[in-house]
Amino acid sequence: MEYNFRDIEKKWQAAWRERKTYQVENTSPKPKYYVLDMFPYPSGAGLHVGHPLGYIASDIVARYKRLSGFHVLHPMGYDAFGLPAEQYAIQTGQHPAKTTEENINRYREQLDKMGFSFDWDREVRTSDPDYYKWTQWIFLQLFKSWYNHKAKKAEPIETLVKVFETEGFNGDEHEVLTGDIEQYVQQFTPAQWSAFSEKEKSNVLMNFRLAYLGEAWVNWCPALGTVLANDEVKEGVSERGGYPVERKQMPQWSMRITAYAERLLDDLNELDWPESIKETQRNWIGHSEGCSLKFRMEDSTIDIEVFTTRPDTIFGVSYMALAPEHDLVEIITKQDYKKTVAEYVKYAKARSERERMADVKNVTGQFTGAYVIHPFSGEKIPVWVGDYVLAGYGTGAVMAVPAHDSRDYTFAKQYNLPILEVITGGDVSKESYDAKEGKCINSQFLDGLEVKDAIKRAIAEIENRGLGKGKVNYRLRDAAFGRQRYWGEPIPIYYKDGVPTPLPEEELPLVLPEIDKFQPTETGDPPLGRAKDWKYKGQYDYELTTMPGWAGSSWYFLRYMDPHNEKEFVSKEAAEYWKNVDLYMGGAEHATGHLLYVRFWTKFLYDCFFIPVNEPAQKLINQGMIQGLSMIATVKVVHEGNEEKYLLVPPGEKVNGTFQKNYPVDAVKFLDGKYFIDEKGAAATREREAIFRNYFLSADRIELTPIVEKMSKSKYNVVTPDNICDDYGADTLRLYEMFLGPLEQHKPWSMNGITGVFGFLKRFWRMFFRIEKFFVSEEMPDEQELKILHRTIKKIKEDIERYSFNTCVSSFMIATNELMELKSSKRAVLEPLVIALSPFAPHIAEELWEKLGHKESVTTAAWPLVNEEYLVDDTFDYPVQVNGKVRFTYTASLHLKPAEIEERVLSTEEAKKWLDGKTPVKVIVVPKRIVNIVV
RNA sequence: GCCCUGGUGGCGAAAUUGGUAAACGUUGCGGUCUCAGAAGCCGUUGGGAAUAUCCCUUGGGAGUUCGAGUCUCCCCCAGGGCACCA
């Protein structure tokens with residue numbers, strides 16, 4: 001009887017759906033296990049073979065954990081809000097909800113084909129009002145909270161109001177509590193606070209709220225007509241679409257993620273995440289220790305505050321540099337320089353981010369005519385404006401030490417500023433010496449100190465004289481939260497007399513209104529400006545921006561726990577039971593986006609006592625990208641005796657295929673798209689005219705250069721899982737994707753080898769049949785069969801637990817080959833193997849399980865036990881382990897040379913005695929022979 | 001520039017703690033079955049030689065060890081992250 005995967009898979013997929021095999025309750029006496037995939041954005045292209053890689057791996061873990069006695073939550077949903085659907089809507093007028101719905105249906109169809117064990121009753125869609133009601137609700141909680149830096153947690157804004165009512169706000173004193181925000185908020189007394197108008201109070205509190213509206217430098221993308229968060233901008237262009245991005249200052253809803261910088265950084269150490277992701281997040285958060293330091297102007301009481309990590313080089317300061325955007329630039333510039341400075345600032349601001357980046361070597365600057373006084377030496381130090389100084393980092397001003405900072409060095413060389421060496425170890429006439437090693441010189445009280453000690457000493461002295469204080473700076477910026485877009489969650493805020501006011505919670509969800517067009521309005525307002533039936537329309541202004549794509553995905557893992565709850569975003573009981581994700585599977589591209597935001601929101605919700613965990617996922621695995629293999633094809637043709645070479649496919653329009661003899665040449669598209677080559681190699685279409693008319697083309701003249709790149713619709717290299725399911729079946733696809741190589745590695749898609757996996761399943765199937773009939777023997781297996789079985793079960797268990805799925809597949813193949821050779825078909829051997837195979841190839845496993853006479857699904861079986869006895873290898877071909885671990889170590893003190901070591905082969909009996917560990921003989925176990933050292 | 005990850009046959013890759021390097025699969029070659037193809041099945045496939053045997057081989061070089069793909073140091077290469085971050 002043949003392995004008919006089509007019927008088997010259809011049958012079981014229907015059965016699982018009807019019986020709700022994978023539905024889980026929120027209670028169980030079993031231990032819980034939560035396996036989560038990063039939910040997909042349903043794009044128009046459908047799933048390609050890269051998507052399922054992670055889903056298959058997590059499904060294997062989910063199924064394995066179920067067999068091992070865990071109560072497993074394994075849900076799936078859709079990240080349904082986003083730019084592409086809206087771009088498509090703008091172009092075609094199609095409502096994004098419609099295209100999104102269609103795409104979701106297509107995704108679901110594809111997912112169902114692959115036999116995943118998702119509990120679809122828990123499906124979530126971020127664009128569903130029942131879902132985004134709670135996204136909006138969480139936003140309001142953030143709006144109503146501030147970060148208590150002393151308690152290191154978020155608190156209701158009322159507690160801060162109380163502080164203001166009783167103590168007022170004194171920048172310095174309250175810094176411990178509120179963080180360093182002196183520069184934004186004026187000091188006030190309790191009396192002044194109570195005298196403030198509602199609007200003034202609101203403005204003050206805005207500086208503390210975790211979701212806030214404020215003037216902010218944003219990444220403005222004119223082509224998309226919206227602002228973007230830092231992680232959505234790559235190399236000066238938008239991640240989606242690749243359009244140029246400008247820096248622009250505008251009122252903007254933001255998330256105060258910076259408040260959590262320290263915790264986001266510290267808690268990374270506790271997570272079992274890939275080192276590369278943790279490192280990327282550490283870089284992104286960018287912790288740097290140093291100190292602030294004030295420089296007094298020569299002729300006024302204005303101070304310029306800088307941040308430096310190298311206070312030890314304080315005596316090497318030869319000029320100050322301000323960012324062109326710095327507030328003081330205009331104030332301190334001397335009359336004679338006003339015009340040139342203003343011109344320079346204008347020039348610098350006009351330079352786009354991209355230009356500045358492309359032009360890193362070429363620094364520019366302008367002297368302001370002003371001087372500050374060095375706080376220790378008392379010398380006059382010129383103040384410059386330079387565009388290499390970033391407005392957004394530190395204080396937007398630096399003390400320049402050319403001798404020991406390469407950027408200052410370049411600047412000083414260009415404008416002939418002095419270079420003062422204060423640390424030994426380099427040659428500052430040639431280049432700056434940036435290393436934090438050496439001794440201080442020419443530095444008064446720091447002379448002779450090592451850099452490390454000098455830093456401490458300098459900070460102490462600076463604090464002592466009240467010039468500044470030790471400080472930690474983070475590179476992390478607050479995240480822009482408003483998008484000038486339609487297809488996102490409306491921000492539930494309206495403006496009562498100009499005061500941003502939250503919508504009452506009981507009025508949520510604030511449903512996305514219908515609009516007739518998706519473009520911005522004529523007056524340049526976001527699309528929501530077109531909405532006709534808005535709650536407060538005509539009464540109050542309402543917020544027109546929507547939330548960014550990452551809002552809904554920052555808490556979805558919680559909603560799966562309790563997806564239909566209308567009273568809470570997740571019930572206390574559900575959150576208490578499921579805690580957080582045990583295994584989170586997804587792409588590494590979310591390192592500085594989603595994975596940071598979801599940690600931030602989780603910590604916030606934890607602070608508010610809504611959930612019992614402060615990290616979303618304990619274990620994270622990044623499945624590698626499956627890359628598309630594209631071909632650049634050129635052909636040599638002979639034309640009037642001359643050999644000429646043509647590029648068959650225009651650049652950018654490459655053709656998918658494999659670089660083999662059987663390369664499907666007929667798939668190669670010719671030049672302008674009109675010409676094709678058939679498999680014999682002759683140009684074969686009826687339109688074969690024009691320049692190729694008289695040419696003879698043959699396949700062996702076609703030169704193919706393979707290139708590996710990201711799989712994407714625009715590159716014509718997308719392979720979908722559908723045809724593979726049709727041709728070989730889902731079980732083969734699942735096994736094959738796992739067999740491709742280590743899960744975490746990037747790898748180009750290729751069909752090489754799928755026949756091997758397909759052949760394995762067919763052989764596995766055949767083990768259960770004899771002369772076209774299902775047959776298993778009830779005989780007891782012999783020692784050899786038991787060895788194969790137990791070794792295989794043990795290996796697969798261990799390999800799943802270390803997420804090495806490719807080796808699992810190999811183990812199955814080896815076992816099958818060996819059992820086939822023994823012509824073994826005993827129930828006691830095959831039945832456990834079916835259970836072990838079921839996470840990998842669930843359909844075939846279910847079918848065989850049923851044929852073996854079981855009424856219940858194989859998912860209710862238990863993972864087979866391993867009897868260690870059968871793992872002892874009598875032949876001693878390999879170092880032997882019995883009952884766990886037995887180690888033989890050579891004692892180095894014997895100082896034996898190989899020639900002095902007596903070798904002999906031990907009998908099985910002798911070896912077993914030694915393996916008991918009772919005989920105190922030191923041996924070296926070397927494969928194939930056991931060496932007896934005569935002590 | 002700084003940080004992270006990796007480098008093993010024609011190819012994808014194994015080698016879990018330092019213990020037979022290349023398991024498993026694919027490709028190639030040879031055979032079998034077939035009218036033929038597909039699918040099976042059998043043999044063979046890192047390199048070199050005096051080929052029942054021996055020697056060499058895990059990016060390069062050194063070191064530790066009875067023993068190194070694995071540990072240490074230096075270098076080279078590839079992929080990814082951050083980047084005038086003071």
Could you check how far CG of A:Asp727 sits from C1' of B:rA38, rounded to whole Å? 14 Å
Pairwise 5' ranking along RNA chain B for A:Lys762 and A:Val809, keeping only the more 5' one: A:Val809
Suppose we define a pair by two distances each less than 3.5 Å, Watson-Crick or G-U wobble; what does B:rC11 pair with here? B:rG25
Nucleotide forming a Watson-Crick or wobble pair with B:rG63, both distances under 3.5 Å: B:rC71
Under a 3.5 Å limit for both distances, which nucleotide forms a Watson-Crick or G-U wobble pair with B:rG1, could you say? B:rC82
Given B:rA23, B:rC41, B:rA86, the nucleotide with the shortest approach to the side chain of A:Ile814: B:rA23
Interatomic distance, A:Asn4 CG vs B:rA39 P [rounded to whole Å]: 18 Å
Between A:Asp408 and A:Tyr388, is any side-chain donor less than 3.5 angstrom from a side-chain acceptor? yes
Would you mind checking if A:Lys794 and A:Glu798 are paired as a salt bridge, meaning a charged N to carboxylate O distance below 4.0 Å? yes
If we take the P atom in both B:rC56 and B:rA68, what is their distance in whole Å? 12 Å
Keeping A:Ser318 on the side-chain end and A:Ile419 on the backbone end, is there a donor-acceptor pair under 3.5 Å? no
Tell me which nucleotide, if any, is Watson-Crick or G-U wobble paired with B:rC33 when both distances must be under 3.5 Å. none
Pull up the glycosidic torsion of B:rG37 and say syn or anti, syn being anything within 90° of 0. anti
Salt bridge check, A:Arg766 against A:Glu2: does any charged N sit closer than 4.0 Å to a carboxylate O? no
Give A:Arg763 one of three labels, base, sugar-phosphate or nothing, depending on what nucleic acid heavy atoms sit under 4.0 Å from its own. sugar-phosphate
Using the side-chain heavy atoms of A:Thr755, tell me which of these nucleotides is nearest: B:rU16, B:rG25, B:rU26. B:rU26
Interatomic distance where CG belongs to A:Leu735 and C1' belongs to B:rU26 [whole Å]: 16 Å
Do the charged groups of A:Arg791 and A:Glu818 touch, with an N to O distance under 4.0 Å? yes
State whether the number of non-hydrogen atoms from other residues, nucleotides or ligands found under 6.0 Å of A:Glu275 atom CD is greater than 12. yes
Say we look at B:rA15 and B:rA52: how far apart would their C1' atoms be, to the nearest angstrom? 28 Å
State yes or no: are the ring centers of A:Phe315 and A:His374 separated by less than 6.0 Å? yes
A:Asp478 versus A:Thr258, side-chain donor and acceptor atoms under 3.5 Å: yes
Remember a base hit wins even if backbone is also touched, and classify A:Asn817 as base, sugar-phosphate or nothing at under 4.0 Å, heavy atoms. sugar-phosphate
Do the two ring centres, one from A:Trp749 and one from A:Tyr736, sit under 6.0 Å apart? yes
Both A:Gly753 and A:Arg766 contact RNA chain B. Which one's nearest nucleotide lies toward the 5' end? A:Gly753
Here the distance between atom C1' of B:rC82 and atom OH of A:Tyr474, to the nearest Å, is 17 Å
Judged by atom type as modelled, is there a donor-acceptor pair below 3.5 Å linking the side chain of A:Thr410 to the main-chain atoms of A:Ser406? yes
For A:Tyr728 and B:rU26, what is the distance between atoms OH and C1' respectively, to the nearest whole Å? 13 Å
Watson-Crick or G-U counterpart of B:rU16, or none if no pair lies under 3.5 Å: none
Considering only heavy side-chain atoms of A:Glu275, the closest of B:rU5, B:rC84, B:rC82 is B:rU5
Taking atom C1' in both B:rG30 and B:rC35, what distance in whole Å separates the two? 23 Å
Could you work out the separation of B:rA23 and B:rA14 based on their P atoms and round it to a whole Å? 13 Å
Rounded to the nearest Å, what distance is computed from the NE2 atom of residue A:His590 to the P atom of nucleotide B:rG81? 13 Å
Taking 4.0 Å as the cut-off, does a side-chain nitrogen or oxygen of A:Tyr388 come that near to OP1 or OP2 on B:rA86? no
Proximity to RNA chain B (any heavy atom under 4.0 Å), residues of residues 276-285 of chain A only: A:Ser276, A:Glu279, A:Thr280, A:Asn283, A:Trp284
I'd like the P distance from B:rU64 over to B:rC73, given in whole Å. 15 Å
Over how many whole Å does the gap from A:Phe758 atom CZ to B:rU26 atom C1' extend? 16 Å
Counting Watson-Crick and G-U wobble pairs only, both distances under 3.5 Å, name the nucleotide matched with B:rA52, or none. none
Residue pair A:Tyr474 / A:Ser288, side-chain donor-acceptor N/O under 3.5 Å: no
Measuring only the P atom in each nucleotide, how far is B:rA78 from B:rU72? A whole number of Å is fine. 24 Å
When rounded to the nearest Å, what value does the distance between P atoms of B:rU5 and B:rA50 take? 47 Å
Is the gap between the ring centers of A:Phe764 and A:Phe812 under 6.0 Å? no
In B/S/- notation (B base, S sugar-phosphate only, - none; protein heavy atoms under 4.0 Å), nucleotides 10-15 of chain B written 5' to 3' is --BSSS
Nearest-angstrom distance, P atom, B:rU57 to B:rC76: 24 Å
Over how many whole Å does the gap from A:Tyr736 atom OH to B:rC24 atom C1' extend? 13 Å
